[in-house]
Amino acid sequence: MSKKRIYQIAHELDVSSKEVIAAAKKNGIKVGNHMSMLDENEEKMVKKSLGKGQKPQRNQAQPAKKTDSKSVQTRGSHNNNNKMKQNHTNQNHGRNDQKNKNFKNQRPTNNHSNQNNNHVKAQSHDHDNVENGNHFSNNKKFNKKNKRNGGFNNSNDFQRNKFNKKNKKKSKKERRQDRRNQKKNPVPQRKNKPLPETLVYTVGMSVADIAKKIHREPAEIIKKLFMMGVMVNQNQSLDKDTIEILADDYGIKAEEKVEVDVSDIDKFFEDEEKNHKHLEARPPVVTIMGHVDHGKTTLLDHLRHSHITAGEAGGITQHIGAYQIKHDGKTITFLDTPGHAAFTNMRARGADITDITVLVVAADDGVMPQTIEAIHHSQAAGVPIIVAVNKIDKPGANPNHVMEQLTEYGLIPEDWGGDTIFVEISAKLGQNIDELLDMILLQAEMMELKANPKQHGAGSVIEARLDKGKGSVASLLVQQGTLHVGDPIVVGNTFGRVRTMTNDRGKDVRKAKPGTPVEITGLNDVPDSGDRFVTFNDEKTARAAGEKRAEQALIKERNKTTHVTLDNLFDTIKEGEMKEVDLIIKADVQGSVEALAQSFQKIDVEGVRVNIIHQAVGAINESDITLAEASNAIIIGFNVRPTPLAKQQADADGVDIRLHNVIYKAIDEVETAMKGMLEPEYQEKVTGQVEIRETYKVSKLGTIGGAYVIDGYIQRDSGVRVIRNGVVIYDGKLASLKRFKDDVKQVKAGYECGLMIEKYNDIKVGDQLEAYVMEEVPVE
Ligand SMILES: Nc1nc2c(ncn2[C@@H]2O[C@H](COP(=O)(O)OP(=O)(O)OP(=O)(O)O)[C@@H](O)[C@H]2O)c(=O)[nH]1
């Protein structure tokens, strides 16, 4: 006797296994689940039971054995509904001859509407099925197959459905075919334009760029290069040789276009400087230097007011950072800011604008520290010095002593066999001032100061500011060419067009020749003193150059913060950015300097070498910081400290200064930093004493201490030590700190507070709490 499993029977009957199980149970057959077996008798019983019983609800398409008016009616109404739906969704549904099109055109609604459609059809065929009672069993297979389509029982319908599917498939095929055809459709051939006579190229152009230039397909060029043994893709940059060979292969000339970096205004400036055509004499530019109170300002003021050009007398002098005076029909330009600091600052920014230095030394005071510095700065810049021995009107004046003193610094009067010009003056009384001016002109003459006024204006910024009404105002010294109102200009990282131009007398001028200071407006931003300026033919180029320079300056500024420090040293080494660690050593005595230098040079980590770029005895000064900044060096101070200004500058520039008083510690620190093992050291600092005066037990929270800060302060992130009877009984962290109901960051001595300690609830009245913080130890 063959047995069948429940699910098989369910399958055959097209009912659910559950229904078969129910029927089996109804007939007293013991079954468990869909895998349970039924023998033939049991199967018959179940089938009978299912056949006699309710028609499975699930399969609406299953033919009804019995039809009563009610069910027909119901179905009828359902049918109508569906018909309505069907009409709504697709009027062509039910007409297979048109379905194909519908499938194609209405794909998204297809399944849904097809089901509806089939459903309607199934319903409408119920009647036939009733008439052909055995149709059910004969068409079981069909029935199953058609279930998806709503259960067609009519073979015609089935066929139609099949046809329908076929059509569906066909349509897919068709679509694919279509696509293929589309692909096969030849792309309209691009007619090759004639080759240009010359290929103007820049090194680094890609195949695609060249293709565009010579009106050829990149593929063709790639092929050509391939034949020459050069494998490239169309985006790859080509070198000069390859481009030229390629051009040659096409039979065209190749011409390299050298890109000019418009932002490199120094280059423009130098080009203008080198232009020696149409040279004309220009006024000398003079800076007055000297020690404090030796009379620099007095001299400048005297000159400004006493040597105004005839006709301009009475005109109000404007402070534009420089002014011009006339003497013997010749012009001299004086820079208004005396002192060597401004002078060197300008130099540091690349502006060597001074031709002659007038060194003012008070005859009653002699050579002083700033006199010496001024000499060094001038000498370093290669600027000749004229000594003005001032205050000779004073009773205690001793010009000879000054001369003697200055010989030590290489300034020897002509009378004594040297070549330094000395003039004894009284700035206050205006004594010998003309003689000084004569000497300046003589010196200038010897220097043959010349420039070409017939070229683009170029020069340097003396000073610049932002004016409420005028916007950016810059005082410029024209050094080359002629500057005109309306000139497109780039000044440092700013740009614009010269809108207005005034001279040192506040008079509007249309043009300014070499050696002339002028004040201009029209820049988009305020440049820095010492910045260079150049003019361009068109504003577009000026704008491009200015914007690029501003961008570059921003990048430079950002990079500033990424100076190498001992903390980031290892990462920098790892990134392969560093092969040498630059150090500056400053120490109290020469012995220490040498000992440190030798020991540092012995450190060898991962092939990275220590390089000592500067070593000296003395405090860490600003020039050390500038050097460290420029060279990306770390400063090691041994028993010395930075001067306040140097410290300020180091902080601003992000220069790392490490201070030590034990040699091996200094060596150790650098070595561990190079190995990437430098860890910050922390040290505990007790901040306050707190007394517990009350305790409150809160069931869900724990114990809250009502406390009073006796000394110092306690803060939310404090560490706390619980001390009872002089013994530390717990060491942990605060969990909360409140004043009344508010969370607070800190509570100072004399105030009450509420607190809880993390993971500790055993606080008692009378407990002393010691509050502390961990602080990073500054390296000694
Ligand atoms: N008797 C006399 N006094 C002078 C002479 N030149 C300047 N003084 C005085 O010296 C003092 C200082 O002069 P300044 O011109 O301010 O000196 P400075 O070098 O510009 O000083 P700082 O700006 O502080 O560096 C003033 O009181 C002047 O009046 C001079 O030739 N004779």
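Below, all heavy atoms of this structure are taken into account, side chains as well, without hydrogens, waters or symmetry copies. When a residue number appears, it is its place in the shown sequence, counting from 1. As the structure lists them, so they are numbered: ligands from 1, and atoms in each ligand from 1. Here the structure is a predicted model, which is why all the values come from computation and not from measurement.
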The residue among T643, V655, I625 that forms side chain to side chain contact (heavy atoms under 4.5 Å, CB included) with I620 is I625

Counting from 1 in the order shown, the ligand 1 atoms closer than 4.0 Å to a non-hydrogen atom of K394 are 1 (N)

Within 4.0 Å of some non-hydrogen atom of D293, the atoms of ligand 1 are 10 (O), 12 (C), 17 (O), 18 (P), 19 (O), 21 (O), 22 (P), 24 (O), 25 (O)

Strictly by modelled atom types, are T494 and D525 linked by a side-chain donor-acceptor pair under 3.5 Å?
no

Of K296, H294, K428, the residue with the heavy atom nearest atom 2 (C) of ligand 1 is K428

### Minimum side-chain heavy-atom gap L466-V473 below 4.5 Å
no

H291 heavy atoms within 4.0 Å reach ligand 1 at atoms 19 (O)

| Got F536 and V490 here, is their nearest side-chain heavy-atom distance under 4.5 Å? | yes

* Give a yes-or-no answer on whether the side chains of N639 and N661 include a donor-acceptor pair shorter than 3.5 Å. => no

Judged by heavy atoms only, the candidate from V389, N390, D364, L300 nearest atom 6 (N) of ligand 1 is N390

Nitrogen or oxygen atoms of G295 and ligand 1 under 3.5 Å apart: yes

- Compute the minimum heavy-atom distance from Q431 to ligand 1 and say whether it is under 4.0 Å. no

Atoms of ligand 1 under 4.0 Å from any heavy atom of T297, numbered from 1 in the order shown, are 15 (O), 18 (P), 20 (O), 23 (O)

- Do the side chains of L483 and M501 get nearer than 4.5 Å, heavy atoms only? yes

In ligand 1, the atoms that come under 4.0 Å of a heavy atom of D393 are 1 (N), 2 (C), 30 (C), 31 (O), 32 (N)

Discussion item. Please check whether V292 reaches ligand 1 - meaning an N/O of the residue sits under 3.5 Å from an N/O of the ligand, judged on distance alone.
Written reply: no

S426 heavy atoms within 4.0 Å reach ligand 1 at atoms 30 (C), 31 (O), 32 (N)

Mind checking whether P384 and M447 have side chains closer than 4.5 Å, heavy atoms only?
yes

Result for side chain to side chain contact (heavy atoms under 4.5 Å, CB included) between I636 and one of Q615, K586, R658 points to R658

Note: V360, heavy atoms under 4.0 Å from ligand 1, region reported as neither

